[in-house]
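One structure below.
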Amino acid sequence: MSENQKPMRPASEEAENQTETAQKYSLNDDRRVKVLSPGAMVAKRFFRNRIAMVGLFVLIAMFIFSFVGGLISPYGEDQLFYRTDVLRKEYASAIENTEFRYTAAEGMEFPSILQAKFVLAAGQKQPSFSHNNETYTVRQEGKDFYSVSKNGVLIGIAFKDVFSVSNPDQKLTFNTLFAGLKAYTGEQTSFTADGIEYTVAKDGLVTVGDQEFGYISRYVVQALMSDVFLTREFKDQAITTMQNKGESMVFTDADGEEHEYLFSYDPDTGKWTIRQETASRVYDTYSAPSAKHWLGTDRNGMDMLTRLMYGGRVSLMIGFIVEIISIVIGIILGGISGYFGGKIDNLIMRIVDVFYCIPSMPIIIILGAAMDAIGVPPKIRMIYLMLILGILGWPGLARLIRGQILSLREQEFMTATEACGISVRRRIFRHLIPNVIPQLIVSCTMGLGSTIITEATLSFLGLGVKFPFASWGNIINDVNNTFVLTNFWFIWIPAGVLLLLTVLAFNILGDGLRDAFDPKMKR
Amino acid sequence: MSTLKFIVKRLLISVVILFFVALIIYVLMRCLPTSYVEAIARQKSMQPGSKSFEEWMAQLNAAYGMDRGMVAGFFHWIGQALRGHFGDSWFYTVPVTQKFRETIWLSFVIGAIAMFFELIIAIPLGVIAARKQYSKTDYTISVLAVAGISLPTFFFASLLKLVFSVHLKWFDLFGLVGRNYEQLTALGKLLDKAHHLVLPIVTLVVISVGSLMRYTRTNMLEVLNADYIRTARAKGLSERKVIYRHAFRNTLIPLVTIVGGSLPGLFSGALITETLFSIPGIGLTSYNAMVAGDIPFSMFYLTFLAILTLLGNLISDILYAVVDPRVRLA
């Protein structure tokens, strides 16, 4: 099952070269044989492995996508995008007043028990009612407007038309209210109260001289938002619309801004709700892929493609840094263990056993939750994550290196180095370590894949890389929201595919490298 | 060295290792910022009808010897743990061991079913791939195996949900039982549960079948290149006999050890898969406990996992020696 079984693919150029050299040199001339260094042999075997090459190209593409893509992309990692949305805010409510409203005269009381008795009396059109042996006189002052007096003293009034004052700072005195309502309900055009002459128009507008004072109307229009003051014009137009049973109106306010208002009537409460249509700037969340955002935008209104690029950067960098931490610890401990052997070896291997038994995923989840609780900043958190993953990841590598060095140590070339009197340091670093490197590279390439998966899983669970940093895992995290899972494929599928491709590429690259380094190991 | 002596020696080493693992876990828990522990205790004491903050802290101290030094506290805790006293779970407010007993069997069943399917898929495919090395079948199987290994669990589970739950509406998105579970007959209940376990088990199988398949293929190739297989062929035995009588039996040696070694792992629960599908096994239970900062449950679960790992190593070592008499026990 060695290389020989594979059909060679002699490129035409190569064939030409061979015939040329064949002519130059005799058959048993050494120069006919092209000598390749071990490294070149490895490279040759590697580049001939098509699957591994696919993996290599995918990885190169991923690196370009992540590290160069971020520079090319016109958008920033956490740049927010907005869109204008038409919002219907509840603006005002209006009610046609069908119930009596009461006001007590100044210095008088008009308690609710009297109000109730008054309603009865008014309903039966009786001129008086009694309460606690006192007789109260009811007098109709106008249409749906009554006054109640006791022993000839006016104690309060009941009315259905509402007198509102235009200037919110101005107070409406009882006298003005009484006189105004009386004039309005009696269809008079003017009245005098507290020595001031008022004019009442037919539509209920009350003026003092040229100045608008207020108006009287059966409709009560109230603003629903505290910062809104409804102008007289608005109320007039709204009342007209309501009387015509209109559903919408366009109103131009004092600043000349035009808004559309929608009216809805609730027959149960007899209340009109007026909604204002306003264009607001909102975060452009979950927008579908378009020319501007090739993969749409995410839940925060950030460009998905750009997030994926930066996410790739984070995922790959974390993978590499974690692997480097593991390698450093693994080489040192595995190297010491393998080279010196004996008691040191035994001790270190037991440490490896202990670390091997520590369940890494749960530990990281617990630490992640603890970091959540004490609010570690996202950047520091990322560093902790790498440290934890690195520290929990070295035992496998240490075992591999130790085993390798243990067997290499006994081989002839090491005896030779000893016989040549080469120093221990040189023996370790020039002769032992280089022989371990192939296995190390293979193991790390595959380890990178699984590290990236681990990081992505943690970020997916919300315990790894945190917002504002992007990582492929925390981009997919949004899929926990069933609505996103169902409706927005572009939020999570691209990140998942990138993740899968990267890990797959690392794995087949690792396979290819292993086959290239050691064809005997090829399976 | 006799087998028994070997087992005893390995057991003793395992106990020592477990001791140190427990120590590390304990130290780690002690190193969690106390403010966090206190916050949890405070939060717990806020719940209606709960014990007071001081009581929670006192309970914590009593259970973990928090008031003692690190070493003394550890021995106190391990003493309690040896007697099976793991305290009350903060998150579930029942004894840790009770919650464990309630959830462990579900996880075991899921794991066992998944493992069964893994075996009946991985071993035949691995053997076929090895027999037809470098063929299209081999490449397809190998690439699929690597793809399975490379698939992130959560992504694959989400894809399954999208296709089978959202679009085809064959399965529910979450949970172990359906909405009308209570109205079902005993058989109906069982079937309902089985129905809800299909996607989680498929996820588990696809994610982990790859490595077993590769392992089978590698070992089968090794055996097929052995001298005795050449001899068997040279003898004129039929290919069938060569493969199934001679090669496959020898491939089983490493397989049995690796499968035996992963048996204890069936109890560990599938943390991610159970969480994704809301299956209330030990995985989801401990995930919730860990995220909520439930220290008693977390400590228990971590120790439990460490024991399972050690047990797995022990079993595979022993099996290796038992199945293959050529292996010298050392």
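All values below were derived from every heavy atom in this structure, side-chain atoms included, with hydrogens, water molecules and symmetry-related copies excluded. Small disclaimer: the values here were computed from a predicted structure and weren't measured.
- Taking every heavy atom of both residues into account, Leu276(B) and Phe154(B) meet most closely at CD1-CA, 3.4 Å.
- Residue contact with chain A, scored on non-hydrogen atoms closer than 4.5 Å, involves the backbone and the side chain of Leu151(B) alike.
- To the nearest 0.5 Å, the span separating CD1 on Ile282(B) from NZ on Lys99(B) amounts to 9.5 Å.
- Side-chain contact annotation: Asp138(B) with Ser142(B), donor-acceptor N/O pair under 3.5 Å present.
- For Phe100(B) and Phe304(B), the ring centers sit closer than 6.0 Å to each other.
- Of the listed residues (Leu501(A), Ile452(A), Leu463(A), Ile365(A)), the one with the most heavy-atom contacts under 4.5 Å to chain B is Ile365(A).
- With a 4.5 Å cut-off on non-hydrogen atoms, Leu302(B) touches chain A through its backbone and its side chain both.
- In this structure, chain B has a heavy atom under 4.5 Å from the side chain of Asp511(A), while its backbone stays farther away.
- Side-chain contact annotation: Ser459(A) with Glu455(A), donor-acceptor N/O pair under 3.5 Å present.
- Heavy-atom distances place the side chain of Ile13(B), and not its backbone, under 4.5 Å from chain A.
- Within the cation-pi definition used here (under 6.0 Å to the ring centroid, within 45° of the axis), Lys161(B) qualifies as a partner of Phe277(B).
- Heavy atoms of other residues, nucleotides or ligands lying less than 6.0 angstrom from OH of Tyr356(A) number 12 at most.
- Heavy-atom pairs under 4.5 Å with chain A were tallied for Thr309(B), Val146(B), Ile272(B); the largest tally goes to Val146(B).
- Contacts between Val166(B) and chain A at a heavy-atom distance below 4.5 Å involve the side chain alone, from C-beta outward.
- Heavy atoms of Phe156(B) lying under 4.5 Å from chain A are absent altogether.
- Summarising the local packing, CZ of Phe57(A) is surrounded by 12 or fewer heavy atoms from other residues, nucleotides or ligands at distances under 6.0 Å.
- Between the side chain of Ser450(A) and the main chain of Gly447(A), a donor-acceptor pair closer than 3.5 Å is present.
- Both the backbone and the side chain of Trp492(A) come within contact range of chain B, with heavy atoms under 4.5 Å apart.
- A donor-acceptor contact closer than 3.5 angstrom links the side chains of Asp294(B) and Ser89(B).
- For the residue pair Arg45(A) / Asn49(A), no side-chain donor-acceptor distance below 3.5 Å is found, with atom types taken as modelled.
- Listed options Ile476(A), Leu367(A), Asn480(A) were ranked by heavy-atom pairs under 4.5 angstrom with chain B; first place goes to Ile476(A).
- In terms of heavy-atom pairs under 4.5 angstrom with chain B, the leader among Thr502(A), Thr454(A), Ile351(A), Val497(A) is Val497(A).
- Interface residue Leu310(B): backbone and side-chain heavy atoms are both found under 4.5 Å from chain A.
- For a residue to count as touching a neighbouring chain, one of its non-hydrogen atoms must lie under 4.5 Å from one of that chain's; by this rule Phe19(B) does not touch chain A.
- Ranked by heavy-atom pairs under 4.5 Å with chain B, the list Leu500(A), Asp372(A), Ile508(A) is led by Leu500(A).
- Residue contact with chain B, scored on non-hydrogen atoms closer than 4.5 Å, involves the side chain of Val479(A) exclusively.
- For the options Val143(B), Leu159(B), Leu224(B), Leu308(B), heavy-atom pairs under 4.5 Å to chain A are most numerous at Leu159(B).
- With a threshold of 4.5 angstrom between heavy atoms, Ile17(B) approaches chain A through its backbone and through its side chain.
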